[in-house]
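Presented below is the structure to which this report refers.
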Amino acid sequence: MTVVPALITERLLLRRPTFEDWPDFRDLMKSERSVYMGGPFLTVHAWGDFCQGIAQWQMFGFGSLSIEDTFTNKYVGRVEINYGPRCPEPELGWQVFDFAEGKGYAFEAATEMRRWAFEEQKMQTLVSYIDPQNQRSQRLAEKLGAELDEKAEKQDPDDLVYRHSRRG
C-alpha cells in the first residue's frame, strides 16, 4: 500500500481525503464554480473524480490531498497531481471553495505539493492545464513561477498549459 503523505505548511494541513470531504466536494463540482473544470457535473461524475484522486495514490504514488485550515480545522479545497488518460503529463491542480478563495490557500497548497513532487518524488516536470477563461488560475500558475508552454500536449484542445519547473 502506498502511504499518502500529510504535508504541513504554515496554515494548512494537506491530508488524505476522507468520506467526510465528499459532500463539500460534490457540491463544488455540481456548481457553476466547476465550469473551468468541465462542469457543472452530475453527482456520479463528481464521485468518479473524487475517487480518482484517491485511487491515483495506489497507481502512481501521487493523487489528491484535501486542504484543511489548521486554525479552524475546516476543509477548504483540494490540491492534486493528476495523471492517466485525461492528463498527457502529470498535472498540478487545485480547487478551493468559494468562501476560501482569495486567502492564498491554493497558492500555499500548490507550492507545497509541487515541492513534495520535485524534492521527495523526484518528478522532473509538472504542468497545469487551465481553461483560457480562468484568469484566476492563470495568475496563480504565474505566481507559482509556471510558464506557458505552447508546445505541450493539451488535456483539452483549448487548454493553456503552464509548465512548472524545479526552480519555481
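Basis for what follows: all heavy atoms, side chains included, without hydrogens, waters or symmetry-related copies.
Grouping the Ile, Leu, Val, Met, Phe, Trp and Tyr side chains by contacts below 4.5 angstrom, directly or via other members, places Ile8 apart from Ile81. In the hydrophobic cluster analysis, where Ile, Leu, Val, Met, Phe, Trp and Tyr join through side-chain heavy atoms closer than 4.5 angstrom, Val96 is grouped together with Leu65. Connection of Tyr162 to Val127 is not established within any shared hydrophobic cluster, with ILVMFWY side chains joined at heavy-atom distances below 4.5 Å, either directly or through further cluster members. In the hydrophobic clustering of this structure, Leu42 does not group with Trp47; members are Ile, Leu, Val, Met, Phe, Trp, Tyr whose side-chain heavy atoms approach within less than 4.5 Å, directly or through other members. Hydrophobic clustering (side-chain heavy atoms under 4.5 Å, transitive across Ile, Leu, Val, Met, Phe, Trp, Tyr) keeps Phe71 apart from Leu7.
Among Val79, Thr9, Leu92, Leu144, the one residue that satisfies the side chain to side chain contact (heavy atoms under 4.5 Å, CB included) test with Thr111 is Leu144. Evaluated for a side chain to side chain contact (heavy atoms under 4.5 Å, CB included) with Glu68, the options Asp21, Leu13, Val76, Leu14 yield exactly one hit, Leu13.
At a threshold of 4.5 Å between non-hydrogen side-chain atoms, the residues Pro88 and Tyr129 count as touching. Contact of the Glu10 side chain with the Glu108 side chain is registered, since non-hydrogen atoms from C-beta on lie closer than 4.5 Å. With a 4.5 Å cut-off on side-chain heavy atoms, Asp156 and Lys154 do not count as touching. Inter-residue side-chain proximity for Gln56 and Tyr83 is flagged as met; some heavy-atom pair is nearer than 4.5 Å. At a threshold of 4.5 Å between non-hydrogen side-chain atoms, the residues Phe107 and Lys143 count as touching. For the pair Arg33/Gln95, no side-chain contact is recorded, criterion being any heavy-atom separation below 4.5 Å from C-beta on. Taking the side chain as every heavy atom from C-beta outward, Gln52 and Asn82 approach each other to under 4.5 Å. Here the side chains of Trp94 and Tyr105 are not in contact, with every heavy-atom distance at 4.5 Å or above.
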Trace of the side-chain contact (heavy atoms from CB on, under 4.5 Å) decision for Arg86 with Glu91: CA-CA 10 Å; Arg86 290 183 358 190; Glu91 177 207 22; over 6 Å; no
Salt bridge (Lys or Arg N to Asp or Glu O under 4.0 Å) between Glu112 and Arg115, worked out: CA-CA 5 Å; Glu112 179 60 16; Arg115 183 209 61 77; 2.8 Å; yes
side-chain contact (heavy atoms from CB on, under 4.5 Å) assessment of Arg163 paired with Glu89: CA-CA 10 Å; Arg163 184 161 307 277; Glu89 296 185 62; 2.8 Å; yes
Ser66/Phe25 under side-chain contact (heavy atoms from CB on, under 4.5 Å): CA gap, chis, key distance, verdict: CA-CA 10 Å; Ser66 293; Phe25 182 79; over 6 Å; no
Worked verdict on Met123 versus Arg114 for side-chain contact (heavy atoms from CB on, under 4.5 Å): CA-CA 9 Å; Met123 296 179 81; Arg114 184 185 62 195; over 6 Å; no
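Going from atom CZ of Arg139 over to atom CD1 of Ile130 covers 11.0 Å, rounded to the nearest 0.5 Å. Atoms NZ and CG, on Lys103 and Leu12 in that order, are 12.0 Å from each other to the nearest 0.5 Å. Atom CG of Asp159 and atom OG of Ser128 lie 10.5 Å apart (nearest 0.5 Å). The line from CG of Asn134 to CZ of Arg136 is 9.0 Å long, rounded to the nearest 0.5 Å. Note: Thr43 OG1 to Arg26 CZ = 6.0 Å, rounded to the nearest 0.5 Å.
Counting heavy-atom neighbours within 6.0 Å of Glu120 CD, excluding the residue itself, gives a total above 12. Other residues, nucleotides and ligands contribute only 12 or fewer heavy atoms inside 6.0 Å of the CD atom of Gln135. Annotation for Arg16: atom CZ does not count as buried by contact number, only 12 or fewer foreign heavy atoms lying within 6.0 Å.
Remark: the backbone N or O of Lys122 is paired with a side-chain donor or acceptor of Gln124 at under 3.5 angstrom. Within the 3.5 Å criterion, the main-chain N or O of Gly53 finds no donor-acceptor partner in the side chain of Glu80. Between the Arg78 side chain and the Ser64 main chain, no donor and acceptor come within less than 3.5 Å of each other.
Scanning both residues, Thr70 and Asn73, for their nearest heavy atoms gives O-OD1, 3.7 Å. Residues Glu32 and Pro40 come closest through the heavy atom pair OE2-CG, 3.5 Å. Between Phe50 and Pro17, the shortest heavy-atom contact is CZ-CB, 4.3 Å.
Under the 6.0 Å cut-off for aromatic ring centres, Tyr75 and Phe97 qualify, their centroids lying closer than that.
With 3.5 Å as the limit, one finds no donor-acceptor pair spanning the side chains of Gln133 and Tyr36.
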